[in-house]
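Everything on this sheet refers to the single structure shown next.
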There are 4 protein chains.
Amino acid sequence: MLIPFIPFFPNSSMAPPKKLKGLVAATITPMTPDGKINLPVIRQYVDYLVNEQNVKNVFVNGTTGEGLSLSIQERKQLAEEWMCQGKDKLDHVIIHVGALNLPECQELARHAAAIGADGIAVIAPFFFKPTNKVRVEELLDGIKAQIPTFQGVKFSDTDLLDLAQCIHKNGTGEFEFLYGVDEQLLGALALGANGAVGSTYNYLGRQTNLMLQAFAKPDFALAQQYQFLTGEFLNFVIKLGFGVAQTKAVMTSVSGIPMGPPRLPLVAASGEFIAKAKAKLDSIVWPNGD
Amino acid sequence: MLIPFIPFFPNSSMAPPKKLKGLVAATITPMTPDGKINLPVIRQYVDYLVNEQNVKNVFVNGTTGEGLSLSIQERKQLAEEWMCQGKDKLDHVIIHVGALNLPECQELARHAAAIGADGIAVIAPFFFKPTNKVRVEELLDGIKAQIPTFQGVKFSDTDLLDLAQCIHKNGTGEFEFLYGVDEQLLGALALGANGAVGSTYNYLGRQTNLMLQAFAKPDFALAQQYQFLTGEFLNFVIKLGFGVAQTKAVMTSVSGIPMGPPRLPLVAASGEFIAKAKAKLDSIVWPNGD
Amino acid sequence: MLIPFIPFFPNSSMAPPKKLKGLVAATITPMTPDGKINLPVIRQYVDYLVNEQNVKNVFVNGTTGEGLSLSIQERKQLAEEWMCQGKDKLDHVIIHVGALNLPECQELARHAAAIGADGIAVIAPFFFKPTNKVRVEELLDGIKAQIPTFQGVKFSDTDLLDLAQCIHKNGTGEFEFLYGVDEQLLGALALGANGAVGSTYNYLGRQTNLMLQAFAKPDFALAQQYQFLTGEFLNFVIKLGFGVAQTKAVMTSVSGIPMGPPRLPLVAASGEFIAKAKAKLDSIVWPNGD
Amino acid sequence: MLIPFIPFFPNSSMAPPKKLKGLVAATITPMTPDGKINLPVIRQYVDYLVNEQNVKNVFVNGTTGEGLSLSIQERKQLAEEWMCQGKDKLDHVIIHVGALNLPECQELARHAAAIGADGIAVIAPFFFKPTNKVRVEELLDGIKAQIPTFQGVKFSDTDLLDLAQCIHKNGTGEFEFLYGVDEQLLGALALGANGAVGSTYNYLGRQTNLMLQAFAKPDFALAQQYQFLTGEFLNFVIKLGFGVAQTKAVMTSVSGIPMGPPRLPLVAASGEFIAKAKAKLDSIVWPNGD
């Protein structure tokens with residue numbers, strides 16, 4: 001699934017856009033027990049990401065945030081709250097504005113610009129969709145001419161050939177390539193990815209940041225150990241059935257922030273899942289006695 | 001893709017809902033060259049369906065109508081126009097109210113009830129979706145308890161085992177089963193389907209009605225000939241690439257009603273496609289010198 | 001999966017090939033408890049098909065017969081035994097000679113001819129395979145020029161458009177179209193199929209023959225009832241997990257003929273499956289107190 | 001596709017099996033213009049791999065070698081020729097002995113042992129196959145108890161989570177993990193893969209060996225450049241349609257060794273493909289003026 005992102009600049013006198021590097025948390029949308037969005041929790045959520053996970057970039061209203069299960073009005077409210085609470089705390093707030101119909105997608109993009117978001121992102125069409133699989137690498141060819149503010153791609157496929165071609169054909173560092181398959185991020189880093197967008201960085205951001213550091217050193221054995229351990233957790237929960245509803249429950253359990261239930265058609269994680277996932281996470285011994 | 005439909009009754013003194021039988025045209029949404037919906041064309045469209053195709057039921061804002069590419073506002077306007085123009089001419093106007101998010105879906109359903117639509121229909125979740133394939137037959141088990149106004153299913157899979165189980169487990173004729181794979185409708189009729197919803201009934205409704213008559217007689221050889229000939233056309237255009245954009249072009253070409261271009265992400269049919277499709281359709285010799 | 005079949009004629013003075021109509025049982029390969037093929041059981045098997053199921057055509061060494069799990073030598077022995085035991089009892093013995101490599105496929109075809117089989121059939125390539133889905137209808141175009149003895153197709157897809165095109169483009173009755181999706185045979189009959197090849201005709205051949213009679217009359221309500229009831233059984237076992245191993249167990253249970261275990265990689269049906277499947281089959285009340 | 005490999009030891013007094021590291025060429029099967037296997041070419045092929053590509057391990061009769069399109073007899077002849085010509089020149093000769101039926105698979109395994117092959121490998125069942133996707137990591141659990149000579153896995157999936165779990169759960173270096181998706185080998189190396197089996201190492205072995213060296217140093221920028229360039233070639237030919245037939249043609253073109261046509265159902269690469277692929281390969285400028 002391709003999500004290019006495009007920065008907006010509040011005014012023309014500004015410096016060029018800040019470079020986006022490292023981890024981006026695909027944020028969860030907190031909800032009240034009766035299924036309304038729970039805006040007051042966002043403040044606590046921002047502080048948790050920054051202070052506990054060392055993650056300063058967020059991707060709001062994406063798949064993890066159930067963005068497509070929210071009304072246009074709800075999506076705008078959430079975007080505003082993240083901008084407001086993230087002020088002076090977060091580096092990048094990217095708003096996902098993808099929608100099935102163009103008029104609403106355009107409305108969301110204008111709104112993101114108006115509230116000063118650092119960038120927008122748009123999911124590729126998934127109802128009416130291209131009949132042929134298009135490689136991202138082909139999409140980037142001449143994209144600046146079509147989208148002058150184009151800045152990079154969230155690349156969420158396990159096909160690293162395409163990723164490598166994207167990175168090296170844009171070798172001047174013009175674009176950023178954020179990888180979106182959390183469990184094999186280390187492989188993407190080896191091929192040149194700049195950072196990552198994912199749901200696990202909500203609660204495993206600190207450890208993944210240590211993996212990035214080990215990779216930069218380079219200390220491969222250590223980086224592999226972090227990747228293996230996050231993979232061990234993911235592998236475990238994937239076997240139990242792991243989706244956005246389960247991510248929501250894990251985040252509540254790890255952070256203590258009440259993320260609430262998911263919205264239909266998603267169904268809340270079972271108590272059994274939550275107990276098993278927590279026990280697994282607690283059992284992991286991170287390097288350096290972490 | 002499952003689309004159950006559910007009738008609304010304007011007031012409780014009314015007779016039980018009219019039985020829906022025969023063909024239902026999945027309507028196209030006419031657009032102006034600059035991509036706005038073209039409401040004034042609906043009146044002509046209604047007359048064409050009734051007078052030229054002998055089709056008196058419509059399914060509005062579905063996939064063929066690019067319903068999910070329209071804003072909520074546009075969908076309401078279209079539903080109102082079909083209700084208004086169809087008054088005293090159409091038997092059933094069913095409004096598709098499916099949306100990715102529940103709040104908007106509920107809003108559309110309330111609107112359909114308010115304008116007196118004969119029924120609503122809802123596409124199954126397709127972004128977040130069930131991990132296991134569920135058979136329609138299982139869904140119908142006890143559905144009246146959950147949805148008292150439940151009336152039937154648009155069944156659009158080539159798996160006729162599931163269809164046959166649905167039909168015969170609901171053997172009192174309580175529900176209606178409208179088949180949605182136009183090119184093999186005759187097979188579904190043999191298994192007991194009540195009618196059909198499809199895009200080809202916009203322009204091949206008359207011939208398909210003759211197939212229904214031949215089947216009812218029964219005159220199998222004749223019914224097979226109609227099915228073969230519609231199949232020959234579909235087979236031909238499918239090889240060229242046949243989707244909603246192409247259906248729009250074929251309908252414009254056959255009916256003379258300006259359906260206009262599709263909306264992005266769909267791309268208009270090529271001139272070459274339109275010419276070839278028209279030539280193919282013109283070359284078909286229907287039974288009885290039709 | 002396409003399996004064209006091609007008749008062999010023992011000598012040129014013979015009459016044109018017998019027409020193949022009605023049901024063809026895709027035979028099971030009986031095995032001993034230690035996994036050898038159990039040839040002595042074939043005699044009893046032939047009598048059972050003819051006398052109890054009213055099925056006089058067989059398709060040997062196909063998927064149901066685990067043909068591709070057998071060595072070349074075993075396949076030859078089985079073919080010979082079916083020819084020998086079927087003499088004067090069976091109408092058509094078709095030998096599946098498909099193999100992954102051409103030399104062995106050709107060897108099996110020559111052997112089938114040598115022993116006087118009524119026809120051969122060949123599975124389409126499935127390891128190295130065409131990148132594009134080819135419609136059967138396209139394959140038949142001019143096939144007589146390439147395979148002068150070509151006689152027809154076992155059509156095992158739920159896509160009835162392709163089937164209908166095949167049948168009507170070969171409208172002089174030159175070829176035969178045997179349908180291979182047992183649970184929706186009635187739909188295929190409506191579109192003009194001549195008969196059927198399937199595994200259920202081993203143990204539900206008698207009832208399916210009654211469905212064919214009802215269809216020929218035509219008595220649709222009755223035909224639908226048979227199709228619904230065989231579908232009810234299949235639907236039930238498919239939910240439990242239904243493959244060749246399970247077919248083997250059901251046939252043993254219904255016929256009393258010891259079909260034995262399947263060969264690896266298939267694993268024998270569980271006792272629980274066998275009990276449930278038997279109970280389901282026993283619970284079905286066929287029309288006319290059957 | 002899983003291919004575990006299992007070493008054979010000629011006699012019990014021998015030292016433990018040699019460790020298999022680095023690149024393994026999935027060998028092509030040379031054929032004569034009339035489709036027979038061309039044994040005399042193997043000698044030249046061995047010398048080319050060793051002297052020109054610096055590749056000393058081979059995987060014979062696998063997918064690239066059209067192993068499943070060959071008769072049992074042909075597979076034995078090829079295995080013998082590789083053993084004979086590779087003597088004192090190659091480090092490891094692994095024979096793929098997978099077949100659809102167990103008797104022939106066992107026969108090939110015994111033959112490989114008899115001729116002193118360094119190991120055998122077996123493709124996972126692909127006609128009758130498990131209904132659930134099994135993770136390789138689960139298969140390895142306790143495998144030594146079942147297959148005492150088990151040595152490792154050719155891992156050919158882009159899912160690196162599974163690979164990483166395999167590697168780290170077998171952390172004592174007991175098993176070897178050879179990666180089989182040539183175009184993203186660098187990602188797999190980062191996660192701990194020991195080496196690689198692939199078809200491109202027939203003609204890009206030398207450059208891939210330089211990538212392995214750069215990775216070991218570590219010089220990431222250089223390793224990425226090699227991976228990008230091999231990826232650029234593969235990306236180019238994949239768009240043209242790239243399979244075993246095309247690999248055969250490319251190898252003929254690069255090495256000058258006459259690999260001949262593929263066997264049906266594969267069809268020889270077109271002259272246009274060969275010309276374009278050659279031009280692309282010639283246009284690539286490898287690092288260090290290579």
Side-chain angles (χ1 to χ4, degrees), chain B residues 132-138 155-171 177 179 181-193 200 211 214-239 242 284 287, chain C residues 132-138 155-171 177 179 181-193 200 211 214-239 242 284 287:
Chain B
N132 300 320
K133 195 188 172 191
V134 179
R135 300 186 75 81
V136 181
E137 169 244 330
E138 297 173 62
F155 189 99
S156 301
D157 200 294
T158 58
D159 173 357
L160 300 178
L161 168 60
D162 195 6
L163 176 65
Q165 296 301 301
C166 286
I167 291 172
H168 289 270
K169 286 202 172 170
N170 297 283
F177 295 93
Y179 194 59
V181 185
D182 304 12
E183 54 269 38
Q184 58 185 64
L185 173 55
L186 186 53
L189 292 174
L191 289 165
T200 65
M211 183 178 84
F215 177 80
K217 226 176 190 177
D219 180 343
F220 260 109
L222 184 60
Q224 284 174 10
Q225 211 167 345
Y226 278 110
Q227 182 72 92
F228 165 64
L229 290 171
T230 58
E232 195 179 335
F233 172 68
L234 288 170
N235 203 23
F236 178 83
V237 289
I238 286 168
K239 281 178 199 162
F242 190 61
I284 293 178
Chain C
N132 300 322
K133 196 187 171 192
V134 178
R135 300 185 73 81
V136 181
E137 168 244 330
E138 297 173 64
F155 189 99
S156 301
D157 199 294
T158 58
D159 173 357
L160 299 179
L161 168 60
D162 195 5
L163 176 65
Q165 296 301 300
C166 286
I167 292 171
H168 290 269
K169 285 201 172 168
N170 299 283
F177 295 94
Y179 194 59
V181 185
D182 304 12
E183 54 269 37
Q184 59 186 65
L185 172 56
L186 186 54
L189 292 175
L191 289 165
T200 65
M211 183 177 84
F215 177 80
K217 229 176 189 180
D219 179 344
F220 261 109
L222 184 60
Q224 285 175 9
Q225 211 168 343
Y226 278 109
Q227 182 72 90
F228 165 63
L229 290 172
T230 57
E232 195 179 335
F233 172 68
L234 288 170
N235 203 22
F236 177 83
V237 290
I238 286 168
K239 283 177 197 162
F242 191 61
I284 293 178

*Check whether B:Ile238 gets within reach of chain C through its side chain, its backbone, both or neither, counting any heavy atom under 4.5 Å.*
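Interface part for B:Ile238: side chain.
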_Looking at every non-hydrogen atom in both residues, tell me the closest pair between B:Arg135 and C:Asn235 and how far apart they are._
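Where B:Arg135 meets C:Asn235 most closely, the heavy atoms are NE-OD1, 3.0 Å.
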*If every non-hydrogen atom of C:Leu191 is compared with every non-hydrogen atom of B:Gln227, which pair is closest and at what distance?*
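What the structure gives for the nearest pair is CD2-CG, 3.6 Å.
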_Please rank B:Gln225, B:Lys239, B:Gln224 by heavy-atom pairs under 4.5 Å with chain C and give me the top one._
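Max contact count across the listed options: B:Gln224.
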*Against chain C, work out which of B:Leu234, B:Thr158, B:Asp182, B:Leu186 has the most heavy-atom pairs shorter than 4.5 Å and name it.*
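Option with the top pair count is B:Thr158.
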*Sort C:Ala188 into side chain, backbone, both or neither according to what part of it lies under 4.5 angstrom from a heavy atom of chain B.*
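It is neither, since no heavy atom gets under 4.5 Å.
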*Assign the ring pair C:His168 / B:Phe228 to parallel, tilted or perpendicular, where the plane angle (0 to 90°) is split at 30° and 60°.*
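C:His168 vs B:Phe228 ring planes: parallel.
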*Rounded to the nearest 0.5 Å, how far does CG of B:Leu161 lie from CD of C:Glu183?*
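C:Glu183 atom CD to B:Leu161 atom CG measures 5.0 Å (nearest 0.5 Å).
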